[in-house]
Amino acid sequence: MIGAVESERTERAGRLAELYLRHSDGAVRLAYLLTGDSSLAEDLVQDAFVKLAGRFADLRDPGAFEAYLRKTVVNLARMHFRRKRVERAYLDRERREPRPSAALPDVAGYEQMKRALLFLPHRQRAALVLRYYEDLSEARIAEVLRCRPGTVKSLLSRGIAGLRPRLGGDHRD
């Protein structure tokens with residue numbers, strides 16, 4: 001039983017190889033005339049044969065293979081250009097949309113803030129970092145620091161007050 005299946009598979013592969021040798025050059029010429037690109041033409045023909053290999057057993061008339069191959073190559077070329085057109089339209093839209101200018105990081109400001117934070121008591125520093133860098137709510141900070149929300153508000157207020165002289169800001173928020 002296994003021998004018969006292997007024999008049928010080998011016979012089918014042999015017939016497909018024969019069809020490839022007989023029709024691939026013409027299919028590549030057709031694909032080249034459709035695309036103007038020899039590498040793309042070879043890729044399209046390869047894809048066409050892969051698609052047809054799965055359907056080869058269903059082909060009733062082996063003489064119809066050439067027409068079926070031709071139609072598959074034409075469809076693959078059309079699909080390729082449709083994809084390219086969609087990609088170009090997307091890229092054109094992206095180019096027309098204004099991009100927010102990427103500001104360079106303020107390394108000096110970052111270092112100054114880091115040094116100023118290190119002068120604060122640990123709980124004030126933790127409250128500020130959790131609130132303004134991690135963007136946690138006061139309730140969530142209270143859970144993390146295991147204190148009441150009122151204590152978090154006090155820690156934030158005192159921490160900001162402690163940062164002002166070190167960062168050169170006397171203004172109030």
Side-chain angles (χ1 to χ4, degrees), residues 13 16 20 24 27-56 68-173:
L16 188 60
Y20 182 83
S24 64
V28 170
R29 277 192 300 275
L30 171 65
Y32 177 77
L33 290 171
L34 292 171
T35 64
D37 180 341
S38 60
S39 295
L40 176 60
E42 291 173 5
D43 289 345
L44 291 177
V45 170
Q46 181 71 30
D47 290 347
F49 271 95
V50 168
K51 283 184 175 291
L52 293 178
R55 297 183 183 137
F56 184 67
Y68 198 35
L69 174 64
R70 187 179 309 117
K71 183 173 183 162
T72 303
V73 168
V74 169
N75 286 338
L76 287 172
R78 191 183 69 235
M79 288 172 17
H80 168 78
F81 287 117
R82 183 183 305 144
R83 259 192 320 274
K84 288 295 182 186
R85 190 172 50 246
V86 168
E87 289 172 9
R88 274 194 308 273
Y90 172 78
L91 291 173
D92 288 344
R93 272 195 317 271
E94 285 294 307
R95 271 186 240 134
R96 282 186 298 229
E97 289 181 15
R99 297 239 179 232
S101 61
L104 295 174
D106 180 11
V107 176
Y110 171 79
E111 289 297 322
Q112 182 183 13
M113 177 62 79
K114 188 168 82 171
R115 283 192 303 273
L117 280 169
L118 291 174
F119 278 100
L120 294 177
H122 173 72
R123 286 176 53 91
Q124 288 178 9
R125 182 179 34 205
L128 287 170
V129 168
L130 291 171
R131 179 70 182 120
Y132 297 106
Y133 286 93
E134 296 294 321
D135 201 28
L136 297 183
S137 67
E138 290 173 355
R140 184 70 182 114
I141 296 169
E143 289 175 25
V144 171
L145 295 180
R146 297 182 183 175
C147 63
R148 297 175 186 249
T151 305
V152 170
K153 290 178 185 179
S154 175
L155 289 169
L156 291 171
S157 177
R158 289 183 190 154
I160 290 171
L163 287 177
R164 278 195 181 109
R166 300 201 180 280
L167 296 177
D170 289 335
H171 63 282
R172 299 241 175 221
D173 289 337

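Computed from a prediction, not measured in an experiment: that's the story for all the values here.
With sequence neighbours excluded, the residues forming a salt bridge (Lys or Arg N to Asp or Glu O under 4.0 Å) with Asp92 are Arg95, listed by chain and number. For the ring pair (Phe, Tyr, Trp, His ring centres under 6.0 Å) test, residues two or more places apart in sequence or in another chain that qualify with Phe49 are Tyr20, Phe65. For Arg158, there are no salt bridge (Lys or Arg N to Asp or Glu O under 4.0 Å) partners, not counting sequence neighbours.
Judged as a side-chain hydrogen bond (donor to acceptor under 3.5 Å, both in side chains), not a single pair has a partner in residues 114-138 (not counting sequence neighbours). Sorted by first and then second residue, the salt bridge (charged side-chain N to carboxylate O under 4.0 Å, His left out) pairs with a member in residues 73-90 read Lys84-Glu87; sequence neighbours excluded. The salt bridge (charged side-chain N to carboxylate O under 4.0 Å, His left out) analysis of residues 36-46, with sequence neighbours excluded, yields no pairs.
Summarising the geometry of Leu155 relative to Ala127, their closest heavy-atom pair is CB-CB, 3.9 Å, with the distance given to 0.1 Å. Across Val45 and Ser24, no two heavy atoms sit closer than the pair CG1-O, 4.3 Å. Shortest non-hydrogen contact noted between Ala41 and Val28 is CB-O, 3.7 Å. Ala48 and Leu69 make their closest contact through CB-CD1, 3.9 Å (heavy atoms, listed as atom of the first residue, atom of the second, distance). Closest of all the heavy-atom pairs between Lys51 and Leu76 is CE-CD2, 3.5 Å.
When side chains are defined from C-beta on, Tyr90 counts as touching Arg93, because their heavy atoms get closer than 4.5 Å. Residues Arg166 and Leu117 are not in side-chain contact: their nearest non-hydrogen atoms beyond the backbone lie 4.5 Å or more apart. A 4.5 Å side-chain heavy-atom check between Leu145 and Thr151 finds every atom pair outside the cut-off.
Taking CE of Met113 as the reference point, atom CG of Asp106 lies at 10.0 Å (rounded to 0.5 Å). Ile141 contributes atom CD1, which lies 8.5 Å from atom CG of Leu128 (distance to the nearest 0.5 angstrom). Atom OG1 of Thr35 is separated from atom NE2 of His80 by 7.0 Å, given to the nearest 0.5 angstrom.
Within 6.0 Å of the CZ atom in Phe81, the count of heavy atoms belonging to other residues, nucleotides or ligands exceeds 12.
Using a distance-only test at 3.5 Å, with no hydrogens or angles considered, a donor-acceptor pair links the side chain of Thr72 to the main chain of Tyr68.
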